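Values below: all heavy atoms of this structure, side chains included; hydrogens, waters and symmetry mates excluded. These numbers come from a predicted model, not from an experiment.
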Amino acid sequence: MPEPTQKTGSTFTNQQKTVHVAGGSRTEITTQTVKTGVQVKWQQDGKTEKTVNQTEHTKRTVIVDNKVTHQEEFSVVSGDSKVGHKEEGKLKESNVIPPPPGEEQSKLHDPEPEKDKEQSKPNGAEPEKAKAWSHGEGQPDDAEKRDNSQLSTLFIEKPNSGTVGVGGDIKFIAKVEAKDLLRRPVVKWLKGKWMDLASKAGKHLQLKDTFDRINKIYTFEMQIIKAKENYAGNYRCEVTYKDKFDSCSFDLEVIAAPDASQALDIRSAFKRSGEGQEDAGELDFSGLLKRREVKPEEGPEIDVWEILKNASPNEYEKIAFQYGITDLRGMLKRLKRMRREEKKSAAFAKILDPAYQIDKGGRVRFVVELADPTVELKWYKNGQEIRPSTKYIFEHKGTQRILFINNCTLADDAAYQVCAGDEKCSTELFVREPPVLVTKELENISTYCGERVEMECEVSDAEANVKWFKNGVEITNEPRSRYRLKVDGKKHILIIDEADRGDSATYSVMTTGGQSAAQLQVDLRPLKILQPLTDMTVNLGKEIHLKCEISEYVPGRWYRNGQLIHGSDRVKLFHKGRNHRLVIDSCLVEDEGDYAFVPDLYLINIPANVHVIDPPKIHFDSLNYPDNTVVVVAGTKLRLEIPVTGEPAPKIIWSRGDKWITDLSGRIRAESYPDHGLLVIDNAEKDDSGTYRIMVKNEAGEAVAHIKIKVVDIPDAPLAPDVTEVGEDWCTMKWEPPLYDGGCPIMGYFIERKKKQSSRWMRLNFELCKETNFEPKKMIEGVAYEVRVFAVNSIGISKPSMPSKPFVPLAVTSAPTMLTLDGVTDNTVTMKWRPPDHIGAAGLDGYVIEYCFEGGGDEKQEKPEFTDQELDLLVDCVSKNGPHICGALSAKTTKAEKSKIWADIQAKVNAKGGNNRSIADLKKRWNTLKKQTKNKLLQTKKESNVENAVVPEAAKDLSSLEKRVEAMLKLEELEGTPDIEEDLQDDIPGAEQWIVANPELTDKTRLTITGLPTGSKIFVRVKAINAAGHSEPRIHPNPILVKEVIVPPKIRLPRHLKQTYIRKVGEAVNLVIPFQGKPRPKVSWKKNGSHVDKTQISIRNSECDTILFIRKAERSHSGKYDLKVKVENLQDKASIYIQIVDRPGPPESVVIEDVWGGNVALEWKPPTDNGNAAITGYTIQKADKKTMEWFTVLEHYHRTSATISELVIGNEYYFRVFSENMCGLSETATKTPNSALIEKEGKPYKRPEYTDFDFTEAPQFTHPLINTVAIAGYNATLNCSVRGNPKPKITWMKNKVVIMNDPRYRMFSNQSVCTLEIRKPSPYDGGTYTCKAVNDLGEAEVDCKLEVKVAQ
């Protein structure tokens, strides 16, 4: 129903209202403002009163306790607006009806309604609702008062009334806070009093709820789409959670289009409402009345009800418009009751009263008198028939039919109806909660800080909802709140464990029928200073220790010169009991001042003065100059400030050597300031470098410091770099540092390169190179390049060096890859490898295989001495390559090129002699020849010096071979480049002697080394050879034993195959079982002791595994498969269990054993075909014989007999049963051959006699423990099942020792299945495990063995 038109400019939306109350009861007066945040004052008889008031959004409520019978006037003031309320406390004359036996006290009776009218407003107003109330009935707005008398306990936002045009959409929102809710609350949207809108959801009505997890708020929405006129009316939203209940009402007004009244269909407006309910057939006039406003004319008071009773129904609408009645539904209900009173009923001699009212917990009595006692009588509550129970009691006394309702609750607040044949009469019951009174008031309390405070009161009801307030703000019992609310029966206690001054306030407690308030005053204890602070004088760097003692155990704060002191690593604050200490380690000058300690919460100051003595000091270290050296760039200005301290301010003197710096205007000058000394050098020069002396002096002493000043510049250019080695796209270069580094260390170098025929230099490094060598990369093979170097120090970059000599990149290949052993016999080793990853432009000529014996022991074969032919060929080859080996070109020859030269010499010597000489053997022999020749030449020179004669000819003492060696020695002396191969291995005992296995290069990637002694161990390496030389060798990582080895077979059975391997029919089976063994093992499969049929099962074997494959599994493939792997006389076996499962068949012979009442007993037999898997349950379905639509009654049912309940009487049913295993339900079901007829009422039913069955049973294990093999480090479980009644106690034991309080074991029991979980077992956990079950009838136990294996 829409609200009355508001007065223009008023702050309030709810105007004057008269409230009628009984004397001595509690009253709530409510008004509503236009917007929130408006300041409101309540006045009683024109005076402002301190009353208990509540605020909820725009609603303002005042609570008044009426202790005497009188009439008062209350008014509420907000700004310039004022609203008045009249409260009549006069007790009306009441008719007391004596209650029946066992009934409670009589109720007030108001035979005639009191008519309240409001004064006429400028925009028109509506008169108050008027209804007739009989015995036990309250006023029309009692329910609204009951709702407003309690603060909202669940809603944080309530839906507001709204207006919408015909065909428009509108949404109502309610929000519930979920902080203290463990689950979603139940919300109902209702229209009128009983119509639940959940069943009306559809095209025009949508209900939605959401949950905000961040703010923990439930949001409930009701959206009306394309509203119609008959949607207007009063709606209600109710929320319930456990024992909490909250509700709110709101109105919806539907406004028709301006021209809609002309095209109005009166039949649609008079639509019937209340389908199947009490008010079925009543007309809804609200849509018609809200189209236009009619201002009632002022005139004499007229009894509208007399006019309506005498008028025809066709004139109701006209009269309602004329007298401003908008609640047509209520008007029609009242007229209906008034006419029913006049009409004499044929079935009832006396009907029910229009309404009853009862207090919560009371007993109500409904009485009707029948004209015909033989008529069947039925009672209904909200349309549902009432059955006899302990709550609802029926009595017959002659023609009287009585209904008693015991222990009335709010749920009994409903509409009741009694039917006698075709006639009926109805009434309404209103349940009222009695007010809760405060029987023991709160008492004022005065205490000290830190004490425990308990404020206690008593109420009249032990289950009362009591709220506590502090200065008008509600106190909630939250987990982290410092306030605790305790309830002990009717006692309600507010507890504050450690009170502080902030707890001083007015505390009040409020119930639905009273309130009490008291003052809590928390004061501080008087403070005494037991030990004051003392003044101190300390030296700089010493400890400051201040201590005081007070009488109270309170913390405090320390201040220095009025500034708060915070604790740190140097400043430590201590508080123990009543003692407070301040300790400052290594005090500073800044620590001097006036200190004070101020205890918290007290206005007391404990002072002390600290004086710090500071001799003069020079703080040069604070400038962070390393080694007291100041570096300045040549040509710049130096301004050096040296901090000094001391009291009084010291005098500063600068000097260099023995000369004082006193000139104040020269290029080098000194200046003095109280806190620092200044040295200035303009346009620094190299000669300004040196040691300067600063001296500070005052009355407390003096201090001296020496400072080094260093003038730096950019370095000189480095010398031209040398390129020592080149590769495919890289080279190695080195250079010497510059002669002058500029006075500071060289930080690094920048390198640039260019093509020889180009003039554009390109920088190679953007980060400084710290070393004097570098490796340029990404060059083009075969192109000539030049490089140069820049030196860099902290000052800048030097000039570039001279370019290097031109060089051309050319490199060997990368090392061969994947060198592996291909085969071993008693005297041969076969190796294989892959080509190098990178070959380069020079291509690949072939490979060289080398080997050596491990340790250089007896395995090495002794080689014969060099023959004359081999020596002659060795010297000739070295002489031809002399310039590259030890001559002028030696420095420019790369290491790879020299290696290639020696490889060529090796190939020629081995081809000539055939003794398989290594490069080390050749180099060693060449060095031996050089030493012999040098020794002979030295000996000849000594002899000639002794005899003072002419040096004899060398040819007389040297052989022809030694003369050619002498020529090589002279080449070394003349060109000044000694043989760089002097780092040979001939002087190192036991060094590896690599032997070339192939004298000629091979282009294949596989080679067999022959002629090896049996039992020896060798290392093997391979090199790639091209025009640039040989690559880096690829060495086999492990020594190779020259002996053929047999590896015993071993099956590596996967873990999932150690248990039964289960697959469904039609699925593929693919088992891969790896194994090892050498030579290649022989593999054989057997199924159940017979060879596997390879037409159905595919077997594929390789060197390292075997595969068993079944494309489409069948149940015949189930069984035990044995795998055997054999190498010569050694073998290994493994067994695999495969289980192919399918859906089970249907159960057998489902029969109906018995039918009684609404129950049917079924019994069946298990299926003959279980699908090769255990039956896990059954599914029972029922079907009505009329429709034969099947519905599931039971699922996963384990027994072979079941009782089907809650069947509809009068129907005939068939039943069918499906069997179920791990694959699912059976494809077909077994149906009962006969149907079960549920007989209707009235037919005799003979209750069968049953003998009590003894369910007690001693413990018995239905599934034993199974021996288990576990893998170390992986959890293992032991399972068994037991039955027994009473439920047996389960105990687990290991090796007959009870397992208790061991975190490595977890024990579970679920539906008689006992489980022991062993977390990450080790071999120590192996043993015999026992499960023991004990009850009053006996005991049973079962055991198994657990073996824990370590994973390999």
Mark yes when over 12 heavy atoms from residues, nucleotides or ligands other than [X] sit less than 6.0 Å from its [atom1]; otherwise mark no.
X: Glu775; atom1: CD; answer: yes
X: Glu1032; atom1: CD; answer: no
X: Arg760; atom1: CZ; answer: no
X: Asn1129; atom1: CG; answer: no
X: Arg834; atom1: CZ; answer: no

My understanding is that only residues two or more places apart in sequence, or in another chain, count here; which of them pass side-chain contact (heavy atoms from CB on, under 4.5 Å) with [X]?
X: Arg1100; value: Ile1107, Phe1109
X: Asp741; value: Ile746
X: Val792; value: Phe750, Leu768, Ile797
X: Pro1081; value: Phe1075, Val1125, Val1127

Q) So, is the end of the Arg1021 side chain (NZ or CZ) under 6.0 Å from the ring centre of Trp994 and within 45° of the ring's axis? A) yes
Q: Given side chain to side chain contact (heavy atoms under 4.5 Å, CB included), test Phe774 with Asn765 step by step and report yes or no.
A: CA-CA 10 Å; Phe774 188 75; Asn765 63 317; 4.3 Å; yes
Q) Is the backbone N or O of Ala1024 less than 3.5 Å from a side-chain atom of Asp845, with the two atoms forming a donor-acceptor pair by type? A)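 Here the side-chain-to-backbone pair does not exist.
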(Q) As a test of understanding, state which of Ile751, Thr772, Asp722 forms a side-chain contact (heavy atoms from CB on, under 4.5 Å) with Met733. (A)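 So, applying the side-chain contact (heavy atoms from CB on, under 4.5 Å) to Met733 and each of Ile751, Thr772, Asp722, only Ile751 qualifies.
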(Q) For Val632 and Val712: C-alpha separation, side-chain torsions, deciding distance, then whether side chain to side chain contact (heavy atoms under 4.5 Å, CB included) applies. (A) CA-CA 6 Å; Val632 60; Val712 297; over 6 Å; no
Q. Please walk me through it: do Thr1010 and Thr828 pass side chain to side chain donor-acceptor pair (under 3.5 Å)?
A. CA-CA 5 Å; Thr1010 60; Thr828 63; over 6 Å; no
**Q.** Side-chain heavy atoms of Trp926 within contact of Val878, under 4.5 Å
**A.** yes
Q) Taking the six-membered ring for Trp, are Trp735 and Tyr749 ring centroids under 6.0 Å apart? A)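 Ring-ring flag for Trp735/Tyr749: true, centres closer than 6.0 Å.
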Output side-chain donor-acceptor pairs under 3.5 Å for residues 779-789, partner residues at least two apart or in another chain, one line each.
| from | atom 1 | to | atom 2 | distance (Å) |
| --- | --- | --- | --- | --- |
| Glu781 | OE1 | Ala841 | N | 3.4 |
| Tyr785 | OH | Ile780 | N | 3.0 |
| Glu786 | OE1 | Lys754 | NZ | 3.4 |
| Arg788 | NE | Glu752 | OE1 | 2.9 |
| Arg788 | NH2 | Glu752 | OE1 | 2.8 |

Q: Take Asp837 and Ser814 through the side chain to side chain donor-acceptor pair (under 3.5 Å) test and state the conclusion after the steps.
A: CA-CA 6 Å; Asp837 293 335; Ser814 62; 5.5 Å; no
**Q.** For Tyr625, all residues meeting ring-ring contact (aromatic ring centres under 6.0 Å, His included), sequence neighbours excluded
**A.**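 Result, ring-ring contact (aromatic ring centres under 6.0 Å, His included) vs Tyr625: Phe620.
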Q. Salt bridge or not for Asp822 and Arg1006, using N-O below 4.0 Å?
A.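 Yes.
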